[in-house]
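Since the structure comes first, as structure tokens, the remarks are kept for the end.
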Amino acid sequence: MNKFKGLIWKDLHTSKVWFIGWIAIIIVMYSIGIAASKYLNEATLPVAFTIMIGVLQFGFLPVIIYSMLRLEGKTQLWLHSPLSGFSLLTSKFLVALIYLLISLVLVNLLGFISIGRLPHINYWPIKEGVILNLVVLLVGIYFSGWIIFFWVSYHYMLKFPNIKNVRWLIISLFWILYTSALTFLTNLEVVKKLTDNYLVVNVPASFFFTIGSAGENNGFEIDLIPLPLIPFIWEGSIWILLFIISCRLLDSRIEV
């Protein structure tokens with residue numbers, strides 16, 4: 001356990017520059033929104049800038065995990081580490097997740113500040129904000145799993161000299177085949193009936209920010225759509241499988 005804690009602290013230390021840089025970008029972007037709002041006398045601009053920053057959060061987790069893996073590859077430290085591939089990858093995933101949660105808290109705070117500055121606001125989208133945070137979290141986790149799997153697989157293929165020059169092609173073909181097979185399966189009538197009739201919940205489809213004359217009708221309009229959960233269960237299972245495979249491949253102490 002102490003070795004794993006040490007690994008987490010090491011990953012926190014080596015990646016903190018990227019995180020600080022990202023926080024600085026958020027603050028600068030929001031400051032531009034505030035300045036533009038005052039200059040143009042348009043109170044809704046900070047809300048728009050906050051939404052834009054929120055959209056960027058979708059790519060934060062995969063990008064920082066890739067950056068951490070790339071740095072680790074340059075140092076080659078885990079070739080001599082006594083820890084398992086599971087520990088090595090889990091540490092980076094947890095560190096990136098901590099950074100994302102802090103970033104989301106900051107963006108949420110900026111969102112509340114922006115909405116609070118609006119005249120006569122009559123609706124606070126707390127529930128919708130929670131759902132949006134969950135979506136950002138789930139999307140980030142999903143693509144991070146694929147990033148880890150592809151990164152480990154790419155370097156694992158160095159063990160086979162005959163294919164090392166076409167590794168990106170193999171990975172690209174694997175992704176194309178997987179997405180094509182998934183699209184084919186989801187278009188089957190039996191699969192559609194299964195996903196449309198079992199484990200379905202209603203969630204907000206979109207949020208429309210509205211502004212009335214003199215600000216008396218400011219607020220959010222919400223559209224609800226049915227969301228099938230079976231595809232999420234499937235993708236979650238695939239994610240776990242990919243992570244297990246990545247850990248097993250890394251246990252062979254691949255050179256990166």
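This structure is a prediction, so every number in the text was calculated from the model and none was measured.
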* Structure fact -> Taken to the nearest 0.5 Å, the spacing of M157 CE from L249 CG works out to 9.5 Å
* **F160 side, atom CZ; I170 side, atom CD1 - distance, nearest 0.5 Å** => 10.0 Å
* To do: State yes or no: do V63 and F150 share one hydrophobic cluster built from I, L, V, M, F, W and Y residues joined by side-chain heavy-atom distances below 4.5 Å, directly or via other members?
  => no
* Taking all atoms of both residues into account, what is the closest heavy-atom pair of L61 and I141, and its distance? -> CD2-N, 3.5 Å
* Please walk me through it: do E235 and F232 pass side chain to side chain contact (heavy atoms under 4.5 Å, CB included)? -> CA-CA 5 Å; E235 292 294 355; F232 289 90; 5.8 Å; no
* To do: Could you pull out the closest heavy-atom pair between S180 and I176, with the gap in Å?
  => OG-O, 2.7 Å
* To do: Look up atom CG in L110 and atom CD1 in I27, then write down how far apart they are to the nearest 0.5 Å.
  => 8.0 Å
* Structure fact -> Interatomic distance, CD1@I32 vs CG@L45, rounded to 0.5 Å, equals 12.0 Å
* Take atom CH2 of W9 as the centre, draw a 6.0 Å sphere, and report whether it contains more than 12 heavy atoms from other residues, nucleotides or ligands. => no
* Structure fact -> Here the side-chain hydrogen bond (donor to acceptor under 3.5 Å, both in side chains) pairs for residues 25-38, sequence neighbours left out, are Y30-S114
* Do other residues, nucleotides or ligands put more than 12 heavy atoms under 6.0 Å from N187 CG? -> yes
* Would you mind reporting whether F184 and L188 have side-chain heavy atoms less than 4.5 Å apart? => yes
* **Step-by-step side chain to side chain contact (heavy atoms under 4.5 Å, CB included) determination, L250 to Y156** => CA-CA 8 Å; L250 200 59; Y156 181 80; over 6 Å; no
* **For the student: nearest non-hydrogen atoms of I34 and P46, plus distance** => CD1-CG, 3.8 Å
* Asked: Could you walk me through whether W18 and M68 pass the side chain to side chain contact (heavy atoms under 4.5 Å, CB included) check?
  -> CA-CA 9 Å; W18 298 315; M68 294 170 69; 3.9 Å; yes
* Asked: Is the ring centre of Y154 less than 6.0 Å from the ring centre of F149?
  -> no
* Asked: How close do I65 and K92 get, heavy atom to heavy atom, and via which atoms?
  -> CG1-O, 4.4 Å
* Report the distance from atom CG of L132 to atom CD1 of I51, rounding to the nearest 0.5 Å. => 9.0 Å
* Asked: With the 4.5 Å side-chain cut-off for hydrophobic clustering, are V152 and F174 part of the same group?
  -> yes
* Asked: Between W146 and Y178, is the gap from one ring center to the other below 6.0 Å?
  -> yes
Using distance only, find each side-chain donor-acceptor pair of residues 97-105 under 3.5 Å and give its atom names and separation, not counting sequence neighbours.
unit_1: Y99; atom_1: OH; unit_2: L12; atom_2: O; d: 3.0
unit_1: Y99; atom_1: OH; unit_2: S15; atom_2: OG; d: 3.3
unit_1: S103; atom_1: OG; unit_2: W22; atom_2: NE1; d: 2.9
unit_1: S103; atom_1: OG; unit_2: Q57; atom_2: OE1; d: 2.8
unit_1: S103; atom_1: OG; unit_2: Q57; atom_2: NE2; d: 3.0

* Does one hydrophobic cluster hold both Y66 and V17, with members joined at side-chain heavy-atom distances below 4.5 Å? -> no
* **Contact check, side chains of F4 and L88, non-hydrogen atoms, under 4.5 Å** => no
* Asked: What is the minimum heavy-atom distance between R167 and H155, and which atoms define it?
  -> NH1-CA, 4.1 Å
* Structure fact -> Tightest non-hydrogen contact, residues F60 and A96, listed as CE2-O, 4.2 Å
* Indicate yes or no: at least one non-hydrogen side-chain atom of F58 is less than 4.5 angstrom from one of V135. => yes
* To do: Determine, using the 4.5 Å side-chain heavy-atom cutoff (strictly less than), whether I20 and I26 are members of one ILVMFWY cluster.
  => no
* Structure fact -> When rounded to the nearest 0.5 Å, the distance separating CD1 of I240 from CD1 of I245 is 12.0 Å
* **Main-chain N/O of S84 paired with D251 side-chain donor or acceptor, under 3.5 Å** => no
* Asked: Is a side-chain donor or acceptor of T186 paired with a backbone partner of L182 at a separation under 3.5 angstrom?
  -> yes
* Within one Ile-Leu-Val-Met-Phe-Trp-Tyr cluster: W175 and L169, side-chain cutoff 4.5 Å -> yes
* Asked: More than 12 heavy atoms of other residues, nucleotides or ligands under 6.0 Å from OH of Y142: is that the case?
  -> yes
